[in-house]
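Here's the structure we're looking at; comments come further down.
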Amino acid sequence: MKFTEALSSLIAAATLAQAQLSRVNDFNASPTRLQMYAAVPPRSFPGPHPIVVAVHHCQGSATGYSGATRYVQLGQQNGFIAIYPNSKSGGGCFDVASTATLTHNGGGDSQTIANMVKHAVEKLNGDPNRVFAVGTSSGAMMSNVLAGVYPDVFKAVSVYSGVPAGCFAVQGATATQDPPGWANSCANGQLIKTAQQWGDQVRNMYPGYNGTRPRLQIFHGTSDNTLRYPNYNEQLKQWSNVLGLSNPRNTTNTPRSGWTRSIYGEGNEKTAPLVGYSAQGVGHSVPQQEAMDLAFFGITN
Ligand SMILES: *[C@@H]1O[C@H](CO)[C@@H](O)[C@H](O)[C@H]1NC(C)=O
Ligand SMILES: *[C@@H]1O[C@H](CO)[C@@H](O)[C@H](O)[C@H]1NC(C)=O
């Protein structure tokens, strides 16, 4: 790194630390026009820092979602970088519909977010081996997409009220249209596939990839009227196929009354490769469980 670059990184980092969440002006927003907002940990954390990408819902924004969730403050306390991508679309949604976004390095929003991670690694002392994503609704759909399209970048994701990766694929949707495509049959919980079909769809997002796949934590409310409840089971089918898991261990009333937890594979709710939470009677807005996210990511105990 040249001295001037080092200096500008330092200034950028100092500015970010002061302002908490700030627009990262030297991120070039390529290949789509998403803006990058970030908060870096205070200097007492030497780094390299884990990275948590927090992806907002439709009609949302980076600043709005950072106010509604606690990843910025928790990043200051626990020493991770919080990145909040900001949608370019008027409706505030992310593109989870085009072939571009559903393909590794395909030129869509998923690639722009992967580029934010790259920027954080190169300029903000981020740790490429501890990169995570969390999202709500459109952001949950995007987090599923990131897990499928960038298994080499993301180690674990946590999704609140999403759909399987590729469920929103819309024929003819492009990476630049606004609003991005909307897939009614998927949203309405009518797009049902076999686990193998869902798994194949993920494997085809990055053909030939044979490395480790991300771990997933999946939340969904049974009374969700926006991205209906069948999408919970379809996500579990998809990722249990991709990760080669079956026969979850289910526990009722965990962590809240009426919620059922399903742990797939070895380990507990913090370490297992796939964990689902079905929230009885809860609608589209599942209460954010930031502490559970950080424990699942291995950032906290
Ligand atoms: C798959 O794994 C093999 C053996 O580790 C490696 O040589 C090959 O490059 C990998 N393929 C891809 C596309 O990553
Ligand atoms: C455990 O929960 C999963 C996910 O909801 C479900 O598919 C499975 O049937 C449940 N298993 C039992 C034994 O109830």
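In listed order, ligands and their atoms are each counted from 1.
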| query | When the ring planes of Tyr160 and Phe219 are compared, do they come out parallel, tilted or perpendicular, using 30° and 60° as the limits? | reply | parallel
| request: State, with a plain yes or no, whether a side-chain heavy atom of His220 is found less than 4.5 Å away from one of Gln235. | output: yes
| Looking at Lys118, Met36, Lys123, which hits side chain to side chain contact (heavy atoms under 4.5 Å, CB included) with Phe27? | Met36
| query | If you measure from the Lys or Arg side-chain nitrogens to the Asp or Glu carboxylate oxygens, is any gap between Asp95 and Lys88 under 4.0 Å? | reply | no
| request: Consider every N or O of Tyr232 and every N or O of ligand 2, then say whether any pair is closer than 3.5 Å. | output: no
| query | At what distance is the nearest protein heavy atom to atom 7 (O) of ligand 2, and which residue and atom is it? | reply | Asn233 OD1, 3.7 Å
| request: Provide the full list of side-chain hydrogen bond (donor to acceptor under 3.5 Å, both in side chains) pairs with a residue in residues 244-255, sequence neighbours left out, each pair given once. | output: Asn250-Ser262
| query | Counting only heavy atoms, which portion of Leu236 has something under 4.0 Å from ligand 2: side chain, backbone, both, or neither? | reply | side chain
| message | Is Ser262 close enough to touch ligand 2? Criterion: a residue heavy atom under 4.0 Å from a ligand atom. | response | yes
| What atoms of ligand 2 come within less than 4.0 Å of a heavy atom belonging to Asn250? | 1 (C), 2 (O), 3 (C), 8 (C), 10 (C), 11 (N), 12 (C), 14 (O)
| said: Tell me whether atom 2 (O) of ligand 2 lies less than 4.0 Å from at least one protein heavy-atom position. | reply: yes
